[in-house]
Colleague: 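Sharing a structure below in structure tokens format, with a few things to ask.
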Amino acid sequence: MPSRLDNINEQRRQKLERLRARGIDPYPHRFRQTHTTREAIAALEAAEAPGAATQARSRGFGQEKEEISLAGRITAIRRMGKSSFADLRDGAGKIQLLFQNTDQFEEEKRELFKDLDIGDIIGAGGALLRTRTGEPTLAVHDFSLLAKSLQPLPEKWHGLADTEKRYRQRYLDLIANSEVREVFLARSQIISAVRQFMDRRGFIEVETPVLQPSAGGALAAPFITHHNALDRDFYLRIALELHHKRLIVGGFDKIYEIGTVFRNEGISTTHNPEYTLLESYEAYADYTDVMVMLEEMVAWVSRQVLGATAIKYGEHDIELKPPWRRVTLRDAVREHSGIDFVKYPTASGLRERMRSLKVDTDPDKNWARLVDELYKTFARPRLIQPTFLIDYPVSMSPLAKNKPGEERVAERFQAVVGGLEIANAYSELNDPLEQRERFAEQMKERHGSDEEQWTIDEDYLLALEYGMPPTGGLGVGIDRLVMLLTDQPSIREVILFPQLREKQ
RNA sequence: GGGCCGCUAGCUCAACUGGCAGAGCAGCUGACUCUUAAUCAGCAGGUUACAGGUUCGAUUCCUGUGCGGCUCACCA
């Protein structure tokens, strides 16, 4: 018959009540620490360094050791009679605590110590030393409870393995799995390095609307939301592009934004409904300039964060050092599928040619989609080393300028590394009349299938009519860049709270 | 949306062909003053995801549902 005490949660609540009954606040308001665990270890090492003795003594190390204080979560306790060890973890790292001869603590602390659990947050004051085995340790002279934990932590050795639980309760994943922590630290550093790179090049960071009357700049299905006071629907942005180019018209010549965009589409290992996109626009540049910038950016960020441009992604060794290979989409597809799509200029002709390759030749697909199918099936998975796929069919690129003298080819590239599309860029179409025609064509094509609420953005066209300088634009999927640099196979491993179906 | 796989104690995992659901960690009690996956002795802990079905008997076989993973489709 299960007693209430069998439940860990119930036991912890009882401890909580005991503490309160003894006049201890289990959730006090503040604690001042003098060091992080990492700083404490550094201080210990500095004091031990040869020649540091004199200096250290003058700072308090030596016979009379400096009292320091730390705060963090207890992740392990090893009780051994009168002495006990505990592991204390804070945001910087981990250090061992030694509670020596706990009998000598006064009554209240002795009781408190008995009720300490793995998971509790405590503050501890004491002196640094090394144990017999050389472990940096804080010999605790005084300690206090800063927050009582009522839930048992995942197992210390295997960590938390249940994928669903890891995503839904990411805080447990972060506590239990240090590799996961490292990934998200790297993510932060990557974004910070990207910002530095752009800032140093004289780009200014801008913020543009998330709520938009129509979602443009890409052909993805948007999320719809509603504004009560205005009593009208808005769309969550699917790209940053159209507002950025308005700013180029407005005279900001180099701009970028790192922001979340939302696409109401399938979820996969490379797609999350909301993800982080870097977009940048540079006046008077074209897509070749953007290529140079991107390869330098990725190499620089990798060097900043990983200290190298040679990385491992899955089973592949990848070298990010510029220059990256440049190959036309046509050649890449021809190389890997044997089909020169230029020779099959109609959807039916191309579909006919594709049949022999046993690929999906959905009759609903237009020519551009068939080309895309060829690329995704044959070329992309084999593009491991950094590659710029350049010169896309205009029909796949409604916002890109076409190549001089080539009506069907747009100055556009995608960057593929490790089989991941990490960037998409083009020489921006700045001819307002042609842009209007391209939009109209898109409208026609979309009409009927219309999952996408595609409307012509008249305000954008008006902006173009005032005159936009030639401009090179870039979009980088930050999450995929993080996947690449942290060697993660799924986008959910680089997004703290990936979208999951609601439980129950 | 389709296909395949998974769901057992708080966590990590066992349980043969259908035959009393088990271990380690965490927890509780006790021993132990340098441990670090501490050790030792004992105790407790289960709606086997959920709902049905087959069977003398189901964690195991079947059907459905939920959630997750992989994959295909969708996604310039």
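Chain identifiers are assigned alphabetically (A, B, ...) following the order of the sequence lines, protein sequences preceding nucleic acid strands; residue numbering begins at 1 within each chain. Just so it is clear, the values below take in all heavy atoms, side chains as well, and ignore hydrogens, waters and symmetry mates.
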Colleague: Within 45° of the ring axis of A:Phe388 and under 6.0 Å from its six-membered ring centre, is that where the NZ or CZ of A:Arg326 lies?
Modeller: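 So A:Arg326 doesn't make the cation-pi contact.
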
Colleague: NE2 of A:His158 versus P of B:rA37: gap in Å, rounded?
Modeller: 13 Å

Colleague: Measure from the side-chain heavy atoms of A:Leu399 and tell me the nearest of B:rA76, B:rC11, B:rG27.
Modeller: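 Nearest to the side chain of A:Leu399 among the choices is B:rA76.
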
Colleague: Quick one: the side chain of A:Glu155 and the base of B:rG24, do they pair up donor-acceptor inside 3.5 Å?
Modeller: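 Counting by modelled atom types and ignoring angles, a donor-acceptor contact under 3.5 Å is found here.
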
Colleague: Is the distance between the ring centroids of A:Phe99 and A:Phe85 less than 6.0 Å?
Modeller: no

Colleague: Tell me: CG of A:Leu474 to P of B:rA76, nearest whole Å?
Modeller: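 My rounded result for the distance is 18 Å.
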
Colleague: Do A:Asp120 and A:Ser149 have side-chain atoms, one donor and one acceptor, less than 3.5 Å apart?
Modeller: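 Their side chains do not contain a donor-acceptor pair, so the 3.5 Å distance test is not met.
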
Colleague: Return the stems involving RNA chain B, sorted by first number, where pairs are Watson-Crick (N1-N3 with N6-O4 or O6-N4) or G-U wobble (N1-O2 and O6-N3), both under 3.5 Å, and runs are 3 or more long.
Modeller: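 Stems found: B:1-7 with B:66-72, B:10-13 with B:22-25, B:27-31 with B:39-43, B:49-53 with B:61-65.
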
Colleague: Tell me, which of residues 79-103 of chain A have any heavy atom that sits under 4.0 Å from an atom in RNA chain B?
Modeller: A:Arg79, A:Met80, A:Gly81, A:Lys82, A:Ser83, A:Phe85, A:Gln96, A:Gln100, A:Asn101

Colleague: Could you tell me how far apart A:Gln499 (CD) and B:rC67 (P) are, to the nearest whole angstrom?
Modeller: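 After rounding, the gap between these two atoms is 14 Å.
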
Colleague: Choosing from B:rC13, B:rU71, B:rU35, which nucleotide comes nearest the side chain of A:Ala161?
Modeller: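 Among the listed nucleotides, the one closest to the side chain of A:Ala161 is B:rC13.
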
Colleague: Answer yes or no on whether A:Lys245 is positioned over the face of A:Tyr460, meaning its NZ or CZ is under 6.0 Å from the six-membered ring centre and within 45° of the axis.
Modeller: no

Colleague: So which of A:Arg22, A:Arg110, A:Arg12 actually passes salt bridge (charged side-chain N to carboxylate O under 4.0 Å, His left out) with A:Asp115?
Modeller: A:Arg22

Colleague: Is the distance from OP1 or OP2 of B:rC11 to the nearest side-chain N or O of A:Lys156 less than 4.0 Å?
Modeller: no

Colleague: With a 6.0 Å cut-off on the ring centroids, do A:Phe105 and A:Phe143 count as close?
Modeller: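 Yes, the ring centres sit under 6.0 Å apart.
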
Colleague: With no hydrogens and no angle check, do the side chains of A:Arg13 and A:Asn9 hold a donor and an acceptor under 3.5 Å apart?
Modeller: yes

Colleague: Name the closest nucleotide to the A:Ala218 side chain, picking from B:rA76, B:rU71, B:rC34.
Modeller: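 The closest nucleotide is B:rA76.
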
Colleague: Mind calculating the distance between CD1 (A:Ile77) and P (B:rC25) to the nearest angstrom?
Modeller: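 Distance, rounded to whole Å: 16 Å.
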
Colleague: Just verifying a value: how many Å separate A:Lys148 NZ and A:Leu116 CG, rounded to the nearest 0.5 Å?
Modeller: 6.0 Å

Colleague: Looking only at side-chain N and O atoms, does A:Arg78 come under 4.0 Å of OP1 or OP2 in B:rU35?
Modeller: no

Colleague: When the nearest nucleotide of RNA chain B is assigned to A:Gly159 and to A:Ser395 on a heavy-atom basis, which residue is associated with the more 5' position?
Modeller: A:Gly159

Colleague: For A:Glu265 and B:rC74, give me the distance from atom CD to atom P, rounded to whole Å.
Modeller: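 That distance rounds to 12 Å.
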
Colleague: Distance from A:Asp117 atom CG to A:Ile77 atom CD1, nearest 0.5 Å?
Modeller: 6.5 Å

Colleague: Would you check if the distance from the ring center of A:Trp367 to the ring center of A:Tyr344 is below 6.0 Å?
Modeller: no

Colleague: Rounded to whole angstroms, how far apart are NZ on A:Lys165 and P on B:rC7?
Modeller: 15 Å

Colleague: Find the distance A:Arg166:CZ to B:rC7:C1' and express it as a whole number of Å.
Modeller: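 To the nearest whole Å, that distance equals 17 Å.
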
Colleague: For A:Leu500 and B:rC70, what is the distance between atoms CG and P respectively, to the nearest whole Å?
Modeller: 11 Å

